2 protein chains.
Amino acid sequence: MKNRLKVLRAERDWTQAQLASALEVSRQTINAIEKGKFYPSLPLAFKAARLFNLAIEDIFQDEVTEVTMVKS
Amino acid sequence: MKNRLKVLRAERDWTQAQLASALEVSRQTINAIEKGKFYPSLPLAFKAARLFNLAIEDIFQDEVTEVTMVKS
DNA sequence: CAATAAAGTCAAATAAACTTTACATTAAAT
DNA sequence: ATTTAATGTAAAGTTTATTTGACTTTATTG
């Protein structure tokens with residue numbers, strides 16, 4: 001999973017700690033997400049989207065996961 | 001958190017079990033998400049978005065969570 | 001250079017998502 | 001009315017996100 005958090009922070013000149021506090025998570029959580037250690041939860045992704053006024057997909061990009069529908 | 005999974009399923013005449021299998025999660029997971037017992041993970045939300053060819057926000061809607069930025 | 005802020009990392013603990021198994025209820029059938 | 005498919009639910013266990021606290025490394029900047 002890739003994400004634009006670092007760039008979005010940089011555009012606003014925010015530290016990881018400031019972003020963490022705006023999103024009400026720990027600084028380590030922001031660091032880990034920026035470094036791709038894990039996905040944020042959906043609620044956290046929504047909060048970030050609202051904070052930056054962007055769609056979730058404009059902040060977090062999934063590496064394409066395959067999806068196939070079985071014939072009904 | 002509200003979501004349109006049940007409607008999207010109905011439009012396609014899919015059962016919870018079929019959707020679960022397309023998304024590679026258990027039927028109980030789909031049931032629990034539809035009933036609002038918990039949020040899906042972000043990876044699962046992405047997979048659903050890709051399956052239905054919709055944005056995450058068009059499937060899952062956050063009940064507005066407040067977000068405020070502290071002065072830098 | 002020395003001091004400070006920011007970023008990176010690790011380990012241990014908690015919380016939330018998700019699985020499996022199993023059973024109960026509802027709805028659709030003839 | 002009884003079978004069958006779909007949905008709902010619950011408990012116990014696993015995995016993943018997140019926290020807290022502590023420490024190290026990399027920038028800044030005085």
Side-chain angles (χ1 to χ4, degrees), chain A residues 1-52 54-57 59-72, chain B residues 1-52 54-57 59-72:
Chain A
M1 211 232 6
K2 293 200 155 25
N3 69 77
R4 301 195 46 244
L5 288 184
K6 189 172 182 171
V7 171
L8 292 167
R9 271 199 309 112
E11 288 173 351
R12 289 157 182 80
D13 201 29
W14 291 348
T15 69
Q16 290 183 344
Q18 285 176 310
L19 177 55
S21 127
L23 295 177
E24 295 175 280
V25 293
S26 71
R27 181 183 65 81
Q28 288 85 338
T29 292
I30 296 302
N31 186 269
I33 292 169
E34 282 193 6
K35 302 240 99 195
K37 300 224 175 108
F38 48 72
Y39 283 78
S41 68
L42 187 56
L44 181 51
F46 268 120
K47 240 175 161 177
R50 183 165 296 112
L51 176 64
F52 291 118
L54 289 172
I56 288 178
E57 287 89 343
I59 304 178
F60 304 98
Q61 297 96 27
D62 196 14
E63 340 276 344
V64 177
T65 53
E66 292 302 324
V67 155
T68 319
M69 188 60 205
V70 174
K71 203 178 105 184
S72 70
Chain B
M1 208 232 9
K2 290 200 157 21
N3 69 76
R4 305 213 317 118
L5 288 184
K6 190 173 180 172
V7 171
L8 292 168
R9 270 196 311 110
E11 289 173 350
R12 289 157 182 80
D13 201 27
W14 291 349
T15 68
Q16 291 183 344
Q18 285 176 310
L19 176 56
S21 129
L23 296 177
E24 294 175 281
V25 292
S26 71
R27 179 182 66 83
Q28 288 82 342
T29 292
I30 297 302
N31 186 270
I33 292 169
E34 283 193 5
K35 302 239 98 193
K37 301 227 174 103
F38 48 73
Y39 283 78
S41 67
L42 187 56
L44 181 50
F46 268 119
K47 240 175 162 180
R50 183 164 297 111
L51 176 64
F52 291 118
L54 289 172
I56 288 176
E57 288 89 345
I59 303 179
F60 304 99
Q61 298 96 29
D62 198 11
E63 338 276 344
V64 177
T65 53
E66 291 304 321
V67 154
T68 320
M69 188 57 205
V70 175
K71 201 180 107 183
S72 72

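Note that the coordinates shown come from a computational prediction; the quantities given were computed from them, not determined experimentally. Below, chains carry the letters A, B, ... as their sequence lines are ordered, and counting in each starts from 1.
Using a 4.0 Å heavy-atom distance criterion, A:S41 is classed as a sugar-phosphate-only contact. At the heavy-atom level, A:S26 lies under 4.0 Å from base atoms of the strands shown. Among the protein residues, B:T29 comes within range of the nucleic acid bases, having at least one heavy atom under 4.0 Å from a base atom.
One interatomic measurement links the two molecules: CG of B:D13 to C1' of D:dT7, which rounds to 15 Å at whole-angstrom precision. Rounded to an integer number of Å, the gap from CZ of A:F46 to P of D:dA17 is 17 Å. The distance between atom CZ of B:F38 and atom C1' of D:dT9, rounded to the nearest whole Å, is 12 Å. Here C:dA6 presents its C1' atom at 14 Å from CD1 of A:I30, a figure rounded to the nearest Å. Between A:Q16 atom CD and D:dA27 atom C1' there is a gap of 13 Å when expressed in whole angstrom units. The separation between B:E34 atom CD and D:dG8 atom C1' is 11 Å, rounded to whole Å. For the pair B:L42 CG and C:dA16 P, the interatomic distance rounds to 18 Å; values are reported in whole Å. Taking atom CG of residue B:L5 and atom P of nucleotide D:dT7, one finds them 12 Å apart after rounding to whole Å.
Contact annotation: the side chain of B:S41 never approaches that of A:Y39 to less than 4.5 Å [non-hydrogen atoms, C-beta and beyond]. For the pair A:Q28/A:Q16, no side-chain contact is recorded, criterion being any heavy-atom separation below 4.5 Å from C-beta on.
In this structure, the separation between CG on B:L44 and CD1 on B:I30 is 6.0 Å, given to the nearest 0.5 Å.
Note on A:Q28: every side-chain N or O is 4.0 Å or more away from OP1 and OP2 of D:dT20. Taking side-chain N and O atoms only, B:K37 has a distance below 4.0 Å to OP1 or OP2 of D:dT9. For B:R27, no side-chain nitrogen or oxygen approaches OP1 or OP2 of D:dG8 to under 4.0 Å. Residue A:N31 places at least one side-chain N or O under 4.0 Å from the OP1 or OP2 atom of C:dG8. Checking the phosphate oxygens (OP1, OP2) of D:dG8, a side-chain nitrogen or oxygen of B:K35 falls inside 4.0 Å.
Under 4.0 Å is where a charged nitrogen must lie from a carboxylate oxygen, and between A:K2 and A:D62 no such pair does.
Side chain of B:I33, nearest nucleotide from C:dC18, C:dA6, C:dG8: C:dC18.
Under the side chain to side chain donor-acceptor pair (under 3.5 Å) rule, A:E34 has a single partner from A:K6, A:R9, A:R4, which is A:R9.
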